Each structure stands twice: as structure tokens, then as C-alpha cells.
Amino acid sequence: MSEMRKVLAIASGGGHWVQLRRLRPAWDGCSVCYVTTNAGFAREVAEDAAARGQIAPRFAVVQEANRWQKLKLLRLVLQVLFILLRERPHVIVTTGAAVGYLAVRIGRLMGARTVWLDSIANAEELSLSGTQVGPYAHLWLTQWQDLARPDGPHYRGGVL
Amino acid sequence: MIFLTIGSHEPFDRLARALDAWCVARPDAMTVFGQITDHAEYEPTSFEWVGNLAPDVYLERCKAATLLVSHAGMGSIITAGQFGKPIVVMPRRAAMRETRNDHQIATAKRFENRPGVHVAIDEHALAATLDSAIAGLDAAGEATTGPFAQIQLIDAIRAVIHE
């Protein structure tokens, strides 16, 4: 019998998190750790898993940071690294933004498969991190068909 | 009850101020409750407000509301759809330093024809948009967005997880 797949589902709080949560049937039956920037989301995650008959997920909090906050980004790198070393996920799924980008870059070095779904808010062009993450994402996705390209990002539908 | 929610990151004084003015002009209108962030400079005087809300409390407020009023953020639009609530959105503008770029204007255009979504392109359009959204409240149930993403997207991700 194959080992249960370990998934790390990571996103910054707000719209990125809401979109990540809508993907959750994709990791039903897996051992899941959610990572985000607000501890307040943990209760809803636990209640929903129980209601849907899923194993209770793990939950970790990292700090917010964007690309202009160099010191915060450094701390965030360390936080993400620590979580990945502890979790050793087979697969990392993220809807962005900076926390997800870092998880893909670091996780890829550790041998994880990586999935990047660019936010549905980026309807006219891919986000900057979405553009930069391309070479490091095994599945590189946009939610708008006109943004899809032959070599990626690809379109496989949206969260709505 | 009308619930004003503008996200947890940046204030949106232009929307808070316009909603405050609408409340003054409509003394018999529905109660308004607002979440305007801890960095707001404009403090509304005609409705109750807080800076930030814990996620659980925020979800309860959404559930209890008759109408949501928000920036044109995807989190707000999706959450409104999940609860089957109509939402009036006003996009933030980069030129007014309300956000980093004009993606909210693009979002507002993309979603303005979605059932339950009402777009006020700026503060001058807010009053009419609110009045119109309220007038339409009794119409047969707002379309509800289900809880999950499109099945083809879920399947694509599931395939990577199990390969």
C-alpha cells in the first residue's frame, strides 16, 4: 500500500487564502499542513475538515512580507524553511503571494512537486511572482485562458 | 444589516467617507457596521465600526449581513458569493495610493455582470449603486457560488499530488 501523500497548502491571508481553500477537495485523503499569515483561520479549517470527514490538518503561521520588505522576507524564508524541514511534503500547492513563492523555491530544492495557481485577481497579466515562479513550478497555472501560453502558464479552469 | 469590509491590509478612506455620507442622507436606511482597518484616517460618524475583525467574527458578520460593501478584492467577492450575499464593490486606485496597481479596476470590470455583484466605479456612483442593490434585495435568491473551484482545476491538482 502506498504511503499517504503529504501536501503543504500555503497562501497569504485574504484573497489568496480564500482561493486556496476552494481547491481543498484536491487533497482529500492526504496528510495536509496549511500555512498562512493569520492564526485566526485555523478554526474554520479544523471545523470544515471534521464536517467533511477529513483527517484534521496541521496548521502553521508565518509572517506577512512583500518584496520590498527585505528584512521581513529574510525572516519569512527562515520560517518557511523550518516548516518545510519539519513537514517534508511530497507536494506544495500555493495561490501566492510571497509566502507561496518562497515555499515553491525552497520546496523544489528539497524535492517536492510544486503547484502555482496565479490569483483570479490577475485577469490582465500574471502577477510578478507568478511570472518568476514559472521555471520552478511543476504545474504552473493561470485562471484566465487568454493568459495561457504553450510553455506555461497553463489554463485548467478557475476557482469560480 | 449592511456590512462594510475593506480587507485587513490597507485603509480605504474614500469608500468609508462615501458610505458615511450615504447614511447621513438616508436616515431610515438599514443599519451599517464597518471594518475599516486600524490605519484608517477617516472615522465614520453615522455608523458603528471597528479596525479589524478576527476571521471567525468576520465570517459571522458576512453571514448575518443583508448586503456587503467592499473594495473590489477577490476575497470579498468570492466570500459574498459563498454566502449568497449581494455585494457592492468600489475599486481601489493606484493613483490615490489605495493599492499598488489598478488590478481592482480590472477585477470590477470582469465581475460586474456576475449576479449579485454591483460595481460603483467611484465615490460619486456609490449612492446610486447602493440604492439599486437594496431595491433588488427582494428579487428571487441571489446566485450562490458553491464552496469549491471548478472540477477540472481540482482534478489537475489532484493528478500532480498522486503522480
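Every chain is numbered from 1 and lettered A, B, ... according to where its sequence line falls, protein lines coming before strand lines. Because only heavy atoms are used, hydrogens play no part in the values below, and waters and symmetry mates are left out as well, while side chains stay in. Small disclaimer: the values here were computed from a predicted structure and weren't measured.
Both the backbone and the side chain of A:L160 come within contact range of chain B, judged by heavy atoms closer than 4.5 Å. When heavy atoms are compared at a cutoff of 4.5 Å, B:T107 approaches chain A solely by way of its side chain, counted from C-beta outward. With a threshold of 4.5 angstrom between heavy atoms, A:V159 approaches chain B through its backbone and through its side chain. The parts of B:E163 that come within reach of chain A are both its backbone and its side chain, each placing non-hydrogen atoms under 4.5 angstrom from that chain. With a threshold of 4.5 angstrom between heavy atoms, A:E125 does not approach chain B through any atom at all.
Between chain B and the options A:R52, A:H138, A:H90, heavy-atom pairs under 4.5 Å are most frequent for A:R52. For the options A:A26, A:G15, A:G14, A:G40, heavy-atom pairs under 4.5 Å to chain B are most numerous at A:A26. In terms of heavy-atom pairs under 4.5 Å with chain A, the best-connected choice from B:A159, B:S76, B:G146 is B:G146. Ranking A:L141, A:N66, A:N38 against chain B, the residue ahead of the rest is A:N38, based on heavy-atom pairs under 4.5 Å. Contact tally against chain A (heavy-atom pairs below 4.5 Å) for B:I157, B:L153, B:I154: the top residue is B:L153. Between chain A and the options B:D155, B:I151, B:I78, the largest number of non-hydrogen pairs under 4.5 Å is found for B:I78. Comparing B:A156, B:S8, B:P147 by how many heavy-atom pairs each has under 4.5 Å with chain A, the most go to B:P147.
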| message | Walk me through whether A:V93 and B:V160 qualify under side chain to side chain contact (heavy atoms under 4.5 Å, CB included). | response | CA-CA 10 Å; A:V93 182; B:V160 173; over 6 Å; no
| query | Could you walk me through whether A:Q19 and B:M74 pass the side chain to side chain contact (heavy atoms under 4.5 Å, CB included) check? | reply | CA-CA 8 Å; A:Q19 292 176 62; B:M74 284 314 308; 4.0 Å; yes
| said: Using the rule given for side chain to side chain contact (heavy atoms under 4.5 Å, CB included), can you reason through B:H162 versus A:C30, listing the C-alpha separation, both sets of side-chain angles and the distance that settles it, and then say yes or no? | reply: CA-CA 10 Å; B:H162 294 284; A:C30 298; 3.9 Å; yes
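Counting heavy atoms of neighbouring residues, nucleotides and ligands inside a 6.0 Å radius, atom CG of A:L71 does not exceed 12 of them. The environment of A:D151 atom CG is sparse: at most 12 non-hydrogen atoms of other residues, nucleotides or ligands sit within 6.0 angstrom.
A:V7 and A:I83 are members of different hydrophobic clusters when ILVMFWY side chains are connected at heavy-atom separations under 4.5 Å. Hydrophobic clustering keeps A:W140 apart from B:I161 (ILVMFWY residues linked when any side-chain heavy atoms are closer than 4.5 Å, directly or through intermediates). At a threshold of 4.5 Å between side-chain heavy atoms, the hydrophobic network of Ile, Leu, Val, Met, Phe, Trp and Tyr places B:V89 and B:M1 in one connected group. Follow the hydrophobic side-chain contacts under 4.5 Å out from A:L23 and you reach A:F59 in the same cluster. In the hydrophobic clustering of ILVMFWY residues, with side-chain heavy atoms under 4.5 Å counting as a link, B:L130 and B:L137 come out together.
To the nearest 0.5 Å, the span separating CG on A:N122 from CG on B:N101 amounts to 8.0 Å. In this structure, CH2 in A:W144 is found 4.5 Å from CZ in B:R110, a value given to the nearest 0.5 Å. Atom CD1 of B:I77 sits about 9.0 Å away from atom CD1 of A:I120, to the nearest 0.5 Å.
Annotation: cation-pi pair B:R100/A:W68 absent, no NZ/CZ under 6.0 Å from the ring centroid and within 45° of its normal.
Proximity of A:R156 to B:Q150: side-chain heavy atoms (C-beta onward) are nowhere separated by under 4.5 Å.
Under a 3.5 Å cut-off, the side chain of B:R158 and the backbone N or O of A:W27 do not form any donor-acceptor pair.
Using modelled atom types, one finds a donor on one side chain and an acceptor on the other under 3.5 Å when comparing B:Q82 with A:R22.
Proximity to chain A among residues 24-62 of chain B is limited to B:P55, B:D56, B:L59, B:E60, judged by heavy-atom separations below 4.5 angstrom.
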